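Keep in mind the model is a prediction, meaning the values are calculated, not measured.
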Amino acid sequence: MAEKSFKYIILGGGVSAGYAAKEFASQGVKPGELAVISKEAVAPYERPALSKGYLFPEGAARLPGFHCCVGSGGEKLLPESYKQKGIELILSTEIVKADLAAKSLVSAAGDVFKYETLIIATGSTVLRLTDFGVKGADSKNILYLREIDDADKVVEAIQAKKGGKAVVVGGGYIGLELSAALRINNFDVTMVFPEPWCMPRLFTADIAAFYETYYTNKGVKIIKGTVASGFTAHPNGEVNEVQLKDGRSLEADIVIVGVGAKPLTALFKGQVEEDKGGIKTDAFFKTSVPDVYAVGDVATFPLKMYGDMRRVEHVDHSRKSAEQAVKAIKAAEGGGAVEEYDYLPFFYSRSFDLSWQFYGDNVGDSVLFGDSNPSNPKPRFGAYWVQDGKVVGAFMEGGSGDENKALAKVAKARPAAESLDDLTKQGISFAAKI
C-alpha cells in the first residue's frame with residue numbers, strides 16, 4: 001500500500017475540480033505539489049454537455065471536446081495538460097476514508113494520500129428510486145444521469161431501442177433536458193412528475209405553462225400529479241412497464257430518472273461543521289477545519305447579497321467557488337487576502353430550440369412580459385420577481401447576449417419597481433436602462 005504526500009489535494013473529478021486545478025496552475029504550483037484525485041476514469045469535464053450535446057443523434061459532443069475549462073471559454077485541460085503543468089492526475093481512485101485531523105485520505109485500494117491543504121470538490125450524486133424501495137427499480141434500462149459513464153449507458157440504450165418508448169421520471173432540469181433529447185432521437189416520450197407544473201423550484205405557473213405546451217407540441221406527453229410507484233420487467237430483466245401511483249401504467253423501453261441529487265459529504269460526517277445539507281464554509285470556502293476547503297455542490301456558503309447561507313447546485317457556482325477558494329489559499333500564503341465571494345445566483349438551460357437564463361432570487365410577486373406563445377417559431381419572453389418594491393430576480397427565454405447581461409445587472413442592482421403593471425409594459429427595456 002503506497003503512501004504519497006502533496007501540498008494540495010483536490011478531491012473530486014467534476015467541474016469544481018477542473019476549475020480549481022486551472023486556478024492553481026495560473027497562480028503557480030511547483031511540480032508534485034498538487035494532486036487531483038477522482039473516482040472517474042477521465043479528466044475533469046464540463047458536466048452540462050452530458051444532458052445536451054452528448055445525446056444528439058448527429059454531431060454529438062464527445063471527449064476530449066468538453067474537458068474543463070472550455071465551458072467558460074478557458075483552456076481545455078486534457079489529461080496530458082495536467083502533467084505538463086506539474087499536476088498529478090489520479091483517476092479511477094475512490095477515497096473511502098478521510099481523516100481530517102490526520103490530514104490523510106485512504107483509497108479503496110488502501111493507498112494513503114497525505115496533504116497540507118484539502119479542497120473538497122466531491123459534488124453530488126443522484127437520488128435513486130432503489131433508495132426509496134420502489135418495486136422493480138433495479139430493472140435494466142432504468143437510467144440516471146450524473147457522470148460520463150451514466151451518459152454512455154443512456155447513449156447505448158438510445159441506440160439499442162431506436163424509436164422506442166421512453167418514460168422520464170421527474171420534471172426538473174434532467175426531466176426537461178432528457179425529454180427533449182429523447183424526442184430529438186425519435187422516441188415516444190412521456191414525462192411524469194408529482195408537482196403541479198415543471199421546474200417548480202424556479203418556474204412560476206405561467207412560465208411552466210409555456211414550456212409544457214411547447215413540449216407537448218413537440219410530441220412529449222406530460223403526466224402531472226403522480227409518481228412512479230413500481231416497474232415490471234421482461235424475462236431478460238429489461239424494464240417494460242412503469243406503474244404510476246394513480247393506477248395508470250406506461251409501456252417503456254427506457255426509463256430516465258431525474259428526481260434530485262444529494263451532496264457527497266458522507267466521508268466528512270462528524271469531522272466538519274455542516275449546514276443545510278452541505279459543508280458549512282465562509283466567504284473564502286474555508287470550512288470549520290483548518291486547511292480544509294469545500295467548493296461547488298457540497299458547500300453551504302454565505303450568499304452575501306441576500307445575507308443568508310445557501311447551497312447552490314449549478315455549474316456556474318461550481319466554477320466560481322473553485323476559483324475563489326484557490327485564490328484565497330494562495331493569497332493567504334502570501335500574507336494577503338481576496339475579496340469575499342459575492343455571488344449572483346445564475347441558472348440556465350437549453351433544450352430543443354429553446355434557451356433560457358435566470359439571475360437572482362425567485363421570491364415575491366412575479367410578472368411576465370413579452371411573447372410567450374409556444375406556437376411561435378422564435379418565442380421571446382421574460383419575467384421579473386419583485387419583493388419589498390425591488391426587482392430581485394429576472395428570467396428570459398430567447399434573450400440576446402446583451403439582454404441576458406442586462407438581466408444579470410438588474411438582478412444584482414435590485415432597483416425599485418414602480419408597479420407590476422409598469423414592469424410588464426416595459427419588459428426587457430426596464431433591465432436595459434439599469
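In this structure a side-chain-to-backbone donor-acceptor pair under 3.5 Å is present from N362 to R201. Judged by distance alone, with hydrogens and angles left aside, the side-chain atoms of D422 form no donor-acceptor pair with the main-chain N or O of S419 at under 3.5 Å. A donor-acceptor pair under 3.5 Å is absent between the side-chain atoms of H317 and the main chain of P345, judged by distance alone. Although no hydrogens or angles enter the test, the distance criterion places no donor-acceptor pair under 3.5 Å between the side chain of Q27 and the main chain of I329. E33 places a side-chain N or O within 3.5 Å of a backbone atom of K30 that can act as its donor or acceptor partner. K286 contributes no side-chain N or O that, together with a main-chain N or O of T281, makes up a donor-acceptor pair within less than 3.5 Å. In terms of modelled atom types and a separation under 3.5 Å, the side chain of R183 and the main chain of F187 share a donor-acceptor contact. A donor-acceptor distance shorter than 3.5 angstrom exists from the side chain of D99 to the backbone of A102, with no hydrogens or angles considered. The main-chain N or O of L176 is never found under 3.5 Å from a side-chain atom of S179 such that the two would form a donor-acceptor pair. Distance alone, capped at 3.5 Å, places no donor-acceptor pair between the E195 side chain and the K224 backbone.
Residues Y348 and D316 bring no donor and acceptor atom of their side chains to less than 3.5 Å of each other. In the model, D282 has no side-chain atom that pairs as donor or acceptor with a side-chain atom of Y341 under 3.5 Å. No side-chain donor from either of E273 and T287 sits under 3.5 Å from a side-chain acceptor of the other. A donor atom on one side chain and an acceptor atom on the other are not found under 3.5 Å apart for Y144 and R146. Between the side chains of Q324 and Y343, no donor-acceptor pair is found at a separation under 3.5 Å.
The only member of F395, Y173, Y384, W385 that meets ring pair (Phe, Tyr, Trp, His ring centres under 6.0 Å) when paired with F358 is W385.
For the atom pair OG (S107) and CZ (F113), the distance works out to 5.0 Å, reported to the nearest 0.5 Å. Taken from CD in Q426 to NZ in K433, the straight-line distance is 3.5 Å, to the nearest 0.5 Å. Distance check, rounded to the nearest 0.5 Å: CG of L91 to CD1 of I37 gives 10.5 Å. The distance from the CD1 atom of I148 to the CG atom of L50 is 6.0 Å, given to the nearest 0.5 Å. Atom CG of D361 is separated from atom CD of Q387 by 7.0 Å, given to the nearest 0.5 angstrom. With values rounded to the nearest 0.5 angstrom, S38 atom OG is found 10.0 Å from I95 atom CD1.
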* Passes side-chain contact (heavy atoms from CB on, under 4.5 Å), V386 versus V392? Steps please. -> CA-CA 6 Å; V386 180; V392 295; over 6 Å; no
* Show your working on salt bridge (charged side-chain N to carboxylate O under 4.0 Å, His left out) between R350 and E177 and close with a plain yes or no. => CA-CA 7 Å; R350 294 187 298 273; E177 293 187 355; over 6 Å; no
* To do: Given salt bridge (charged side-chain N to carboxylate O under 4.0 Å, His left out), test K327 with E333 step by step and report yes or no.
  => CA-CA 10 Å; K327 286 173 182 173; E333 287 175 355; over 6 Å; no
* Please report the C-alpha distance between V36 and I90 in whole Å, then the side-chain angles of each, then the deciding distance to 0.1 Å, and finally whether the side-chain contact (heavy atoms from CB on, under 4.5 Å) criterion is met. => CA-CA 6 Å; V36 178; I90 303 170; over 6 Å; no
* Asked: Would I142 and V257 count as a side-chain contact (heavy atoms from CB on, under 4.5 Å) if you check the C-alpha gap in whole Å, the side-chain angles of each, and the deciding distance to 0.1 Å?
  -> CA-CA 7 Å; I142 297 179; V257 181; 3.8 Å; yes
* Start with the C-alpha distance between M199 and E212, add both sets of side-chain angles, then the distance that settles side-chain contact (heavy atoms from CB on, under 4.5 Å), and finish with yes or no. => CA-CA 10 Å; M199 283 286 284; E212 289 174 9; over 6 Å; no
* **ring pair (Phe, Tyr, Trp, His ring centres under 6.0 Å) between H67 and Y45, intermediate numbers included** => CA-CA 4 Å; H67 277 299; Y45 54 91; 7.2 Å; no
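Counting only heavy atoms from C-beta outward, the side chains of T190 and V220 never approach each other to under 4.5 Å. Under the 4.5 Å side-chain criterion, counting only non-hydrogen atoms from C-beta, F430 is in contact with P415. Under the 4.5 Å side-chain criterion, counting only non-hydrogen atoms from C-beta, L407 is in contact with I428. Looking at heavy atoms from C-beta onward, L34 lies out of side-chain contact with F6 at the 4.5 angstrom threshold. Using a 4.5 Å cut-off on side-chain heavy atoms (C-beta onward), E397 and L354 make contact. Proximity of L143 to V255: side-chain heavy atoms (C-beta onward) are nowhere separated by under 4.5 Å. Looking at heavy atoms from C-beta onward, I9 lies out of side-chain contact with I119 at the 4.5 angstrom threshold. For the pair L89/K83, no side-chain contact is recorded, criterion being any heavy-atom separation below 4.5 Å from C-beta on.
S400 meets the side-chain hydrogen bond (donor to acceptor under 3.5 Å, both in side chains) test with E403; sequence neighbours excluded. Under the salt bridge (charged side-chain N to carboxylate O under 4.0 Å, His left out) criterion, K103 pairs with D291, sequence neighbours left out. The salt bridge (charged side-chain N to carboxylate O under 4.0 Å, His left out) check on D308 picks up R310, with sequence neighbours excluded. Remark: D342 engages K412 in a side-chain hydrogen bond (donor to acceptor under 3.5 Å, both in side chains) (not counting sequence neighbours).
Looking at every heavy atom in both residues, N217 comes nearest to P374 through ND2-O, 4.2 Å.
Of the charged side-chain nitrogens involved, at least one lies within less than 4.0 Å of a carboxylate oxygen, so that K269 and E274 count as a salt-bridged pair. Salt-bridge check for E323 with K320: failed, with every basic side-chain N at 4.0 Å or more from each acidic carboxylate O. By the 4.0 Å N-to-carboxylate-O rule, K4 lies close enough to E88 to be salt-bridged with it.
Sorted by first and then second residue, the pairs that involve residues 109-133 and meet side chain to side chain donor-acceptor pair (under 3.5 Å), not counting sequence neighbours, are S124-D297.
Between Y214 and F210, the ring planes lie tilted relative to each other; the angle falls in the 30° to 60° range. Ring planes of W356 and F203: perpendicular class, angle over 60° (limits at 30 and 60°). Between Y8 and F24, the angle of the ring planes lies from 30° to 60°, which puts this pair in the tilted group.
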Taking distance alone, no hydrogens or angles, what donor-acceptor pairs closer than 3.5 Å link side-chain atoms of residues 69-78 to residues at least two apart or in another chain?
{"unit_1": "S72", "atom_1": "OG", "unit_2": "Y19", "atom_2": "OH", "d": "3.0"}
{"unit_1": "E75", "atom_1": "OE1", "unit_2": "K85", "atom_2": "NZ", "d": "3.3"}
{"unit_1": "E75", "atom_1": "OE2", "unit_2": "K85", "atom_2": "NZ", "d": "3.4"}

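By the 6.0 Å contact criterion, CD on E339 is open, its count of non-hydrogen atoms from other residues, nucleotides or ligands being 12 or less. Under a cut-off of 6.0 angstrom, the local environment of NZ in K330 is crowded, with over 12 non-hydrogen atoms contributed by other residues, nucleotides or ligands. Counting non-hydrogen atoms of other residues, nucleotides and ligands closer than 6.0 Å to NZ of K221 gives a total above 12.
Between Y293 and F285, a ring centre-to-centre spacing not shorter than 6.0 Å is recorded.
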